[in-house]
Visitor: 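Below you will find the structure I want to go over with you.
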Protein chains: 2
Amino acid sequence: MNDLPGNNWTAESVASDLERAIHEHRLPPGTKLGEDELGEVYGISRTLVRAALQTLGHRRLVEHRRNRGAFVAQPTVREAREVFEARALLEPRTARSAAERCTPQDIAILREHIRAEHAALAAGEHGKALHLSGRFHIEIARIADQSTIAAFISELVVRSSLIIALYWQRRAAMCESHAHDALISAFEKRDGGLAEDLMKNHLLDLLTSLDLRNVSEMPGSLREALAR
Amino acid sequence: MNDLPGNNWTAESVASDLERAIHEHRLPPGTKLGEDELGEVYGISRTLVRAALQTLGHRRLVEHRRNRGAFVAQPTVREAREVFEARALLEPRTARSAAERCTPQDIAILREHIRAEHAALAAGEHGKALHLSGRFHIEIARIADQSTIAAFISELVVRSSLIIALYWQRRAAMCESHAHDALISAFEKRDGGLAEDLMKNHLLDLLTSLDLRNVSEMPGSLREALAR
DNA sequence: GGATGCGAGATTGTATACATAATTGTATCT
DNA sequence: AGATACAATTATGTATACAATCTCGCATCC
């Protein structure tokens with residue numbers, strides 16, 4: 001995105017930039033993230049690149065293989081289930097809190113997210129739409145005023161994007177579901193219980209739209225062998 | 001602990017070692033973690049020290065101040081509440097899963113944890129006892145076979161140890177509560193619902209044993225004010 | 001002809017050197 | 001004597017250099 005030489009990149013901003021690229025599926029699972037290459041792209045030394053990759057590694061968005069380098073993570077079926085289990089524990093209750101606390105301003109922000117998401121979809125920018133869709137969930141955690149939980153959800157949302165990249169089965173109509181619109185109306189009514197239920201079902205819908213039957217497991221090493 | 005020159009430290013093992021020291025209150029909140037000093041202690045260069053400190057920073061166990069260095073984190077009252085909110089969302093349901101899945105071997109491991117914890121308490125090693133008490137919670141997440149949630153809980157548990165260091169009010173009798181024993185008996189009965197309730201109450205007890213009313217902040221902010 | 005072993009190239013792992021910012025001590029001025 | 005400005009020191013931020021390890025091609029041997 002911003003690879004101008006005059007841009008003052010920090011380890012954090014590079015990590016954010018890469019995270020966004022991963023979230024938007026511009027960097028698909030398994031992509032090699034070479035240190036020299038990234039250093040040249042951003043005009044920084046390997047020191048900062050490594051710091052950024054370590055950050056992403058800690059968020060499980062990047063997998064490190066000793067003496068092999070960093071790769072965009074390829075969540076296994078098992079990890080995929082775990083991610084959605086965690087989201088099921090965290091997000092419904094957080095949505096309830098958010099619905100009970102949200103201000104008109106918050107609702108305006110959420111509406112703007114949805115508008116931008118629909119615009120991106122209409123323009124065929126699926127990655128950007130996915131990113132905005134995820135940001136919607138993170139925004140809810142922010143509204144709930146729970147920065148710790150928000151940090152967890154943020155990580156889980158981006159990992160979900162990787163999972164969607166690997167296991168999505170419904171080719172057409174990615175986010176035609178109006179779950180987010182329904183959530184907003186619950187927010188407007190300040191109906192925490194409804195918001196909690198809607199979020200729970202929304203996550204279940206997401207999970208069932210994935211194809212996690214794949215028993216073969218170990219996609220990592222197998223896919224890795226083919227990718228090279 | 002292990003500062004022998006022959007020991008081959010990695011960034012991860014150094015981070016683990018420091019995390020344990022923080023968990024055990026050997027490194028109290030606010031402690032300056034100088035890079036050169038740590039490098040000398042472990043016999044490694046600042047490169048690895050910085051990597052370890054970055055890991056701890058991402059887990060919110062260490063706070064980085066630009067051009068000032070790294071310090072053991074000093075959670076605010078607000079952060080303390082957030083940490084226990086998050087634990088309240090994650091741990092009870094995880095305890096339920098664990099109770100329904102646990103094997104006799106798992107129970108033996110948990111019993112061993114409690115035994116070691118009591119032994120440490122009897123020996124007056126409060127820090128070690130606190131560490132073991134926290135590990136008990138992490139072990140439950142492992143038994144539930146949820147590594148993603150376990151990672152979150154692990155972070156929250158160590159942050160809780162920092163919170164206890166700052167806000168604990170009951171001076172005497174740290175963990176005389178038999179909450180962990182009660183949890184084990186629920187596990188033996190495979191009573192998931194009971195385990196969930198016990199965990200919920202255990203966390204509530206922990207929270208109410210803290211003094212979070214203090215709006216005037218803590219020694220942390222005082223020390224901070226003086227530092228300037 | 002196929003498989004195995006070896007070596008050149010490339011990439012990551014770690015340490016060190018340099019640059020930059022903050023702190024502290026000192027000297028001077030009012 | 002107190003305060004302020006400046007210099008020296010210390011510590012962090014970043015880049016670069018060196019070492020270790022892996023990949024891949026090529027030659028050799030069976």
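Chain letters run A, B, ... following the sequence lines, proteins first and then strands; every chain starts at 1.
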Visitor: Just so I know, are the side chains of A/I109 and A/I143 near enough to count as touching, which here means a heavy-atom distance under 4.5 Å?
Guide: no
Visitor: Quick check: do B/L18 and B/L38 have side-chain heavy atoms less than 4.5 Å from each other?
Guide: yes
Visitor: Using a cut-off of 4.0 Å between protein heavy atoms and nucleotide atoms, how would you tag nucleotides 6-14 of chain D 5' to 3' with B, S and -?
Guide: -----SBBB
Visitor: Please state whether the rings of B/F152 and A/F152 are parallel, tilted or perpendicular, taking 30° and 60° as the class boundaries.
Guide: parallel
Visitor: Using whole Å, report how far CG of B/N8 lies from P of D/dA20.
Guide: 12 Å
Visitor: Are side-chain heavy atoms of B/L210 and B/W168 found at a separation under 4.5 Å?
Guide: yes
Visitor: Quick one: which residue pairs count as a salt bridge (Lys or Arg N to Asp or Glu O under 4.0 Å) with a foot in residues 137-160 of chain B, not counting sequence neighbours?
Guide: A/R78-B/D145, B/E79-B/R159, B/R101-B/D145, B/D106-B/R142, B/E139-B/R142, B/E155-B/R159
